[in-house]
Number of protein chains: 2
Amino acid sequence: MNRTNDGMGGAQQGANLLALRSHNTALVLDLLRTAGADGISRLELAERTGLTPQAVSKITARLREDGLAADAGRRASTGGKPRTVLRLVPEAGHAVGVHLDRDETRAVLADLDGTVVARRRAPLDLGAGAEAVLAGVAGVVEALRGDGAGARTPLGVGVALPGPLDHRRGVLHRVTGFPEWDGFPLRDALAEVLGVPVVVDKDTNAAALGLAVGGEGGSFAYLHLGTGLGAGLVIGGSVHRGPRTAAGEFGHQVVQLDGPPCGCGDRGCVEALCLGAVARGEVGEAARVLGAGAANLVGLLDIDRILLGGRTVEADSAAFVRGVRAVLDARAERTGDRAVPVRLAPGGTFGVAEGAAQLVLAPVFGRGDA
Amino acid sequence: MNRTNDGMGGAQQGANLLALRSHNTALVLDLLRTAGADGISRLELAERTGLTPQAVSKITARLREDGLAADAGRRASTGGKPRTVLRLVPEAGHAVGVHLDRDETRAVLADLDGTVVARRRAPLDLGAGAEAVLAGVAGVVEALRGDGAGARTPLGVGVALPGPLDHRRGVLHRVTGFPEWDGFPLRDALAEVLGVPVVVDKDTNAAALGLAVGGEGGSFAYLHLGTGLGAGLVIGGSVHRGPRTAAGEFGHQVVQLDGPPCGCGDRGCVEALCLGAVARGEVGEAARVLGAGAANLVGLLDIDRILLGGRTVEADSAAFVRGVRAVLDARAERTGDRAVPVRLAPGGTFGVAEGAAQLVLAPVFGRGDA
DNA sequence: CCACTTTCGCAACGCTGTTGCCAAAGTGCA
DNA sequence: TGCACTTTGGCAACAGCGTTGCGAAAGTGG
């Protein structure tokens with residue numbers, strides 16, 4: 001059962017039978033999604049969830065009635081009746097993911113299992129005022145709904161954008177260079193225009209969620225090095241946002257006391273050191289600094305994996321992966337533990353937009369705190 | 001409902017009616033515990049949990065039958081029948097908390113609401129071999145059982161000790177200076193000797209759990225500066241241990257790239273810098289370094305509070321609190337957010353032992369992952 | 001062809017929280 | 001003092017959850 005572990009200091013919620021059903025249904029749906037086109041049998045679902053086979057049968061019967069699950073052939077017999085394999089019906093629901101980047105809007109229409117059905121991109125000018133931006137986003141969303149084979153209304157729209165914001169209330173806090181957006185209730189304003197539920201989150205969190213749902217299990221940190229440096233933290237399968245959606249401020253971790261000044265006003269931040277090294281052409285040094293920050297993170301949170309992404313990393317990904325890995329390997333040698341793996345995060349241009357779609361889809365599968 | 005958020009990469013667990021009942025019962029017990037001697041009414045319990053009043057009535061009726069809850073008078077009427085106030089019966093259960101420190105064993109017997117009923121201390125020599133140490137601990141536990149008014153068997157024994165270990169399996173990994181303890185299955189060995197369940201954890205985690213249960217809500221970090229530097233992280237009310245119980249390695253966060261060497265083999269660790277400054281008599285500088293580490297932590301995890309403890313801090317607590325607070329205040333001024341409060345953690349000599357007792361008690365109230 | 005294994009749905013069941021109702025226990029006004 | 005009203009909280013009936021017992025379905029293997 002689920003306790004929102006994302007910083008709420010408030011009272012824990014009691015659970016009734018409806019909550020019980022939702023929980024178990026979401027669990028089964030998540031396993032169906034993970035199994036993909038191969039499908040999964042009822043008995044396997046029972047084993048994985050700890051529920052009795054009969055309970056699984058009832059839950060899957062409901063899912064089949066609702067059109068969310070369907071038969072997908074049968075396995076080879078092991079001496080008795082062969083298991084019937086079930087699979088998720090991806091077309092049963094769609095979500096739109098929107099990535100508001102500095103100067104461009106990128107958006108995808110994804111089906112239930114996260115497969116991208118359609119993409120759109122459009123120029124973005126945050127200085128044009130709220131109305132124009134909202135209209136632009138609405139236009140892209142409408143266009144995607146037209147692209148989608150099924151003309152059904154999407155379950156919702158997820159919006160990812162840089163900068164601090166309030167995930168819970170859906171309110172922006174500060175958008176660099178555009179103070180007029182401070183305190184703008186993006187979620188509610190957009191929901192009004194679009195007529196469907198809207199979820200907003202930081203771009204790094206959306207990216208991390210996309211990775212988590214896309215198969216990265218356990219706990220990991222997604223370090224994004226582009227024009228800035230940020231992180232999305234996934235702990236035990238859920239994105240850790242903190243009560244103010246302020247977690248993941250990785251770029252301004254100080255790793256060099258009294259070091260060179262950073263744009264944030266502090267000195268010796270990872271971001272300043274890292275980007276400074278890149279500017280000087282010292283990618284190895286940049287990777288070493290990034291690795292030091294990553295090692296701090298690993299020591300503090302005991303996470304399983306480090307994933308690197310962002311345009312600056314992708315420009316010389318081998319060097320970055322190698323450099324960060326070297327620091328973590330050295331750390332592992334000192335502590336005697338197994339080294340924490342470092343990998344390049346899959347993603348591409350629409351990675352954040354896909355993650356944004358998961359802001360809507362993930363709750364269906366019992367992930368996230370919506 | 002509760003998802004173990006503590007790093008398990010494995011499958012989420014399905015929930016049945018028994019789990020539902022346990023969850024809601026634990027929720028109610030936790031509210032009763034928090035209310036203390038003042039008690040809390042059924043309707044208030046219903047509001048706080050989101051359960052219907054009737055459900056709360058059924059749950060509390062069971063608790064009263066089991067002797068865990070009892071009437072505690074009634075509130076003033078607001079124009080109708082006055083609310084009956086319920087309270088936890090602390091004597092309904094006890095737990096032993098044991099703190100294995102470098103050279104001393106400190107142990108407490110605590111009742112259900114965490115009140116210490118009896119204390120014991122005994123010399124400890126980890127070099128004397130497993131059998132002698134186990135016998136020593138068993139002796140202390142037996143003595144405490146004698147001290148307790150009720151001669152009933154305690155619910156369990158919580159053991160806190162420094163150094164890396166496996167909380168889930170209860171196996172020690174490395175005990176500094178005593179390699180013979182590597183891989184020792186302390187939990188099972190002690191459980192066999194004592195005949196009651198045993199839980200083991202790092203000392204910093206036990207301390208943090210004690211604080212969390214003792215009323216520190218939300219998310220916070222407990223920074224312990226003694227002969228070393230470690231941290232206990234509480235996120236959303238639960239201790240974050242990580243899948244390998246390796247989280248909270250705060251002392252070896254690097255805040256000074258290529259800085260002075262640390263005993264761990266790395267350079268520029270908070271611990272080395274901090275303790276070095278203390279050794280030079282520069283408490284202000286030590287606090288500044290500690291504050292930098294704390295600020296990193298706040299930025300990364302978006303926690304609500306920093307609590308300081310440990311012998312070195314207590315030796316000049318005002319200076320440490322002031323120094324750390326200054327760094328965090330400066331950070332808040334830069335980001336424009338509210339400053340993260342810094343306080344001295346309550347605790348004292350038996351603080352960790354009390355937290356260790358909570359390793360056993362907390363699961364009763366739906367906290368922790370046992 | 002038949003015994004055996006394995007899957008999986010139907011039906012009855014126990015237990016959960018929920019709803020409808022009413023007794024209990026106060027306040028406050030006439 | 002009495003009566004109307006408010007509020008609490010238990011009893012009983014209920015809907016819905018996962019569980020259990022059992023049997024039909026659908027294979028394998030001799």
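Per chain, numbering begins at 1; letters A, B, ... match sequence-line order.
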Handout entry: With A:R42 via salt bridge (charged side-chain N to carboxylate O under 4.0 Å, His left out) - residues at least two apart
Key = none
Exercise for the section: May I have the distance from A:H23 (atom NE2) to D:dG18 (atom C1'), rounded to whole angstrom? Expected result: 13 Å
Exercise for the section: Specify the separation, in whole Å, of atom CG of B:L43 and atom C1' of D:dG10. Expected result: 13 Å
Handout entry: B:N16 side-chain proximity, nearest of D:dG18, C:dC8, D:dG9
Key = D:dG18
Practice task
Write down the distance between CG (A:L86) and C1' (C:dT7), rounded to a whole number of angstrom.
Solution key: 12 Å
Practice task
List in chain and number order the residues that pass salt bridge (charged side-chain N to carboxylate O under 4.0 Å, His left out) with B:R83, two or more places apart in sequence or in another chain; answer none if no residue qualifies.
Solution key: none
Completion exercise
By nearest-heavy-atom nucleotide on DNA chain D, the more 5' of A:T52 and B:V85 is B:V85
Problem - Value in whole Å for how far the P atom of D:dT8 lies from CD of B:E44 - result: 11 Å
Exercise for the section: Establish, with yes or no, whether the OP1 or OP2 oxygen of C:dG9 is under 4.0 angstrom from a side-chain nitrogen or oxygen of A:S57. Expected result: yes
Practice task
Using whole Å, report how far CG of A:L63 lies from P of C:dC8.
Solution key: 15 Å
Exercise for the section: Mind checking salt bridge (charged side-chain N to carboxylate O under 4.0 Å, His left out) for B:R169 and listing every partner two or more places apart, or none if nothing turns up? Expected result: B:D166
Completion exercise
With sugar-phosphate taken as primed atoms, P, OP1 and OP2 and all else as base, the protein-contact string of nucleotides 11-17 of chain D at under 4.0 Å (heavy atoms; B, S, -) is BB----B
Handout entry: Sugar-phosphate, base or nothing in reach of A:T84, heavy atoms under 4.0 Å
Key = sugar-phosphate
Handout entry: Nearest heavy atoms of B:A95 and B:A357, plus distance in Å
Key = CB-O, 3.8 Å
Exercise for the section: Report yes if some heavy atom in the side chain of A:V198 is under 4.5 Å from a heavy atom in the side chain of A:E192; otherwise report no. Expected result: no
Problem - Interatomic distance, B:L51 CG vs C:dT19 P [rounded to whole Å] - result: 12 Å
Practice task
In whole angstrom, give the distance that lies between atom CG of B:D71 and atom C1' of D:dG10.
Solution key: 13 Å
Handout entry: By side-chain contact (heavy atoms from CB on, under 4.5 Å) - contacts of A:A92 (at least two apart)
Key = A:L68, A:V89, A:L112
Fill in the blank from the handout: By salt bridge (charged side-chain N to carboxylate O under 4.0 Å, His left out), A:R64 pairs with (sequence neighbours left out) A:D71
Fill in the blank from the handout: The side-chain contact (heavy atoms from CB on, under 4.5 Å) partners of A:T78 (sequence neighbours excluded) come to none
Handout entry: Pairs touching residues 29-38 of chain A that satisfy side chain to side chain donor-acceptor pair (under 3.5 Å), sequence neighbours left out
Key = A:D30-A:R33, A:D30-A:R367
Completion exercise
Each nucleotide of nucleotides 25-30 of chain C classed B (base within 4.0 Å of a protein heavy atom), S (only sugar-phosphate) or -, in 5' to 3' order, makes BBS---
Fill in the blank from the handout: B:L45 atom CG is separated from D:dG9 atom P, nearest whole Å, by 10 Å
